[in-house]
Amino acid sequence: MKKTLVLALIALSLLAPLFANGSKEEAASGDVVYTVAASCDYPPLEYIDDNGNIVGYEIEMLDEISKITGVKFNIVNVAFDGIIAGIQGGQYDIGASGFTVTEDRKLVVDFTEPNGAFTLSIVTQKGTEGLVDEKSLIGKKVGVQIGTTCQFACEDAGITVSTYDDAPSAMLDLANGNIDAVVIDNVVANDFVFTNESYSKILKVSGSFSNQDTMAMVVSKKKPEALKALNEGLKVLKENGKLEELKKKYNFFF
C-alpha cells in the first residue's frame with residue numbers, strides 16, 4: 001500500500017459523481033446504483049492509489065457486497081465533514097469513511113451493522129517523549145481531522161486542537177514540526193507510521209486514548225432499501241470469512 005501524499009491531496013478536489021443528484025438511480029442495464037460518499041484521504045480505509053484509483057478496505061468491502069446483492073455503488077470523493085450533510089441534503093445515499101457509531105449521528109443517519117472497531121492513537125515525531133494519553137496532550141499543539149470523533153474526543157478531554165480538512169495535511173504538519181501530535185484512528189495511524197515511506201522514519205505511535213469505538217457505514221434515513229442491502233451483504237461477508245480476509249489484507253488490526 002504505497003501511496004503518495006500528493007495524490008491523496010489532489011484527490012480531495014476531484015468530485016465527479018456519475019449521478020449528480022446522488023439519489024438511487026437505474027443504470028442503463030437496469031441495475032440499482034447508490035452514490036457512496038467517501039473521504040479518500042484515510043488509508044487503509046479509503047485512499048487513492050498510485051494509478052489514481054479509489055481503493056481501500058471499505059471500498060473493496062462494497063465491491064464484495066455488490067457481488068452478493070447485485071446492487072451497484074458509485075463512489076465519489078468528498079471532504080469528510082461534508083458527507084453527513086450531503087446525505088441529509090440528498091446528494092449521497094451512503095457514507096463510507098470509517099464512521100464511528102455515535103448517538104448524535106444516529107439522529108440524522110442510519111448505521112449499518114459494524115464492519116470494524118478501533119481506538120484513537122497518538123502519533124508524534126520519533127524524538128518526542130511522554131505523549132502517551134489524553135492527559136499528556138493538554139497544553140500541547142494537537143492536530144485532528146475536522147468533524148471526526150478524534151476532534152470531539154480531544155475537546156471532551158480538554159485538549160485544544162488544530163483542525164485539518166484531511167488526515168495527510170495533519171500528518172505533514174506533524175512531520176514538519178508545526179504541531180506536537182496528531183490524534184487519529186489507530187488503523188489509519190498504523191498505515192501512516194508503518195507503511196508510508198514518507199513517514200515511517202519520522203513518526204511513531206506514542207500512545208492511545210482509553211476508548212474503543214465501533215465503525216460502520218452511514219446511510220440516508222430515506223434509503224431503507226440501501227441499508228437492507230448493505231446489511232445483507234455484510235452478514236454474508238462475516239459468515240464466509242471474507243471480511244476477515246479484507247482486514248488482514250489492509251492491516252486493519254485492533
Side-chain angles (χ1 to χ4, degrees), residues 1 11 16-40 42-49 51-78 80 83-84 86-87 90-102 105-106 108-118 185 187-188 191 213-254:
M1 274 189 289
L18 187 61
F19 307 110
N21 66 1
S23 61
K24 181 180 75 174
E25 299 284 347
E26 298 292 335
S29 63
D31 293 330
V32 174
V33 182
Y34 292 106
T35 299
V36 181
S39 181
C40 301
Y42 220 52
L45 303 181
E46 296 86 17
Y47 61 95
I48 309 297
D49 68 12
N51 296 316
N53 299 313
I54 297 176
V55 295
Y57 168 72
E58 287 187 293
I59 303 303
E60 192 164 346
M61 180 179 67
L62 284 168
D63 288 341
E64 294 296 328
I65 291 174
S66 181
K67 294 175 186 177
I68 294 166
T69 64
V71 170
K72 306 298 182 183
F73 302 104
N74 176 50
I75 312 296
V76 294
N77 189 12
V78 181
F80 181 84
I83 293 177
I84 288 181
I87 289 174
Q91 293 173 274
Y92 323 116
D93 304 308
I94 299 162
S97 278
F99 279 96
T100 301
V101 178
T102 69
R105 287 172 175 165
K106 285 180 181 179
V108 294
V109 291
D110 289 329
F111 280 96
T112 64
E113 291 299 312
N115 59 54
F118 49 81
D185 297 338
V187 61
V188 181
D191 190 90
D213 293 322
T214 300
M215 187 179 90
M217 290 177 284
V218 294
V219 184
S220 169
K221 286 184 174 291
K222 297 178 181 179
K223 303 290 181 176
E225 70 282 4
L227 181 65
K228 180 181 179 182
L230 289 168
N231 282 335
E232 287 177 353
L234 278 169
K235 184 175 185 292
V236 174
L237 294 181
K238 291 176 181 179
E239 290 174 348
N240 67 15
K242 186 64 179 182
L243 196 64
E244 287 304 313
E245 287 182 24
L246 292 178
K247 288 180 180 179
K248 290 178 181 178
K249 176 179 178 178
Y250 288 99
N251 295 316
F252 189 164
F253 51 90
F254 177 70

Which heavy atom in [X] sits nearest to a heavy atom in [Y], and how many Å separate them?
X    : Y    : result
K72  : D31  : CE-OD2, 3.4 Å
R105 : T100 : NH1-O, 2.9 Å
A38  : A96  : CB-O, 3.3 Å
G95  : I83  : CA-CG2, 3.9 Å
F252 : A117 : CE2-O, 3.5 Å

Would you compute the distance between atom [atom1] of [X] and atom [atom2] of [Y] and round it to the nearest 0.5 angstrom?
X    : Y    : atom1 : atom2 : value
T214 : E113 : OG1   : CD    : 10.5 Å
E232 : I68  : CD    : CD1   : 10.0 Å
N53  : I59  : CG    : CD1   : 11.0 Å
L62  : I54  : CG    : CD1   : 11.0 Å
N77  : I48  : CG    : CD1   : 5.0 Å
I94  : S220 : CD1   : OG    : 9.5 Å

Is there a side-chain contact between [X] and [Y] in this structure, where contact means two heavy atoms from C-beta onward sitting under 4.5 Å apart?
X    : Y    : result
V187 : Y250 : no
Y34  : V71  : yes
M61  : L234 : yes
F111 : V219 : no
V55  : E60  : no
L230 : M217 : yes
V236 : E64  : no
F99  : V109 : no

### Query
Would one find more than 12 heavy atoms of other residues, nucleotides or ligands at under 6.0 Å from atom NZ of K238?
yes
### Query
Above 12 or not: heavy atoms from other molecules or residues under 6.0 Å from NZ of K221?
yes
### Message
With a 4.0 Å cut-off on N to O distance, would you call K242 and E245 a salt bridge?
### Response
yes
#### Entry: Salt bridge present between E244 and K247 (N-O < 4.0 angstrom)
yes
I'd like to know if the side chain of [X] and the backbone of [Y] have a donor-acceptor N/O pair within less than 3.5 Å.
X    : Y    : answer
E58  : G98  : yes
D213 : F118 : no
S97  : S39  : yes

### Query
Can Y47 and D191 be said to form a side-chain hydrogen bond (donor to acceptor under 3.5 Å, both in side chains), step by step?
CA-CA 11 Å; Y47 61 95; D191 190 90; over 6 Å; no
### Task
Could you walk me through whether M215 and L45 pass side-chain contact (heavy atoms from CB on, under 4.5 Å), step by step?
CA-CA 11 Å; M215 187 179 90; L45 303 181; 3.9 Å; yes
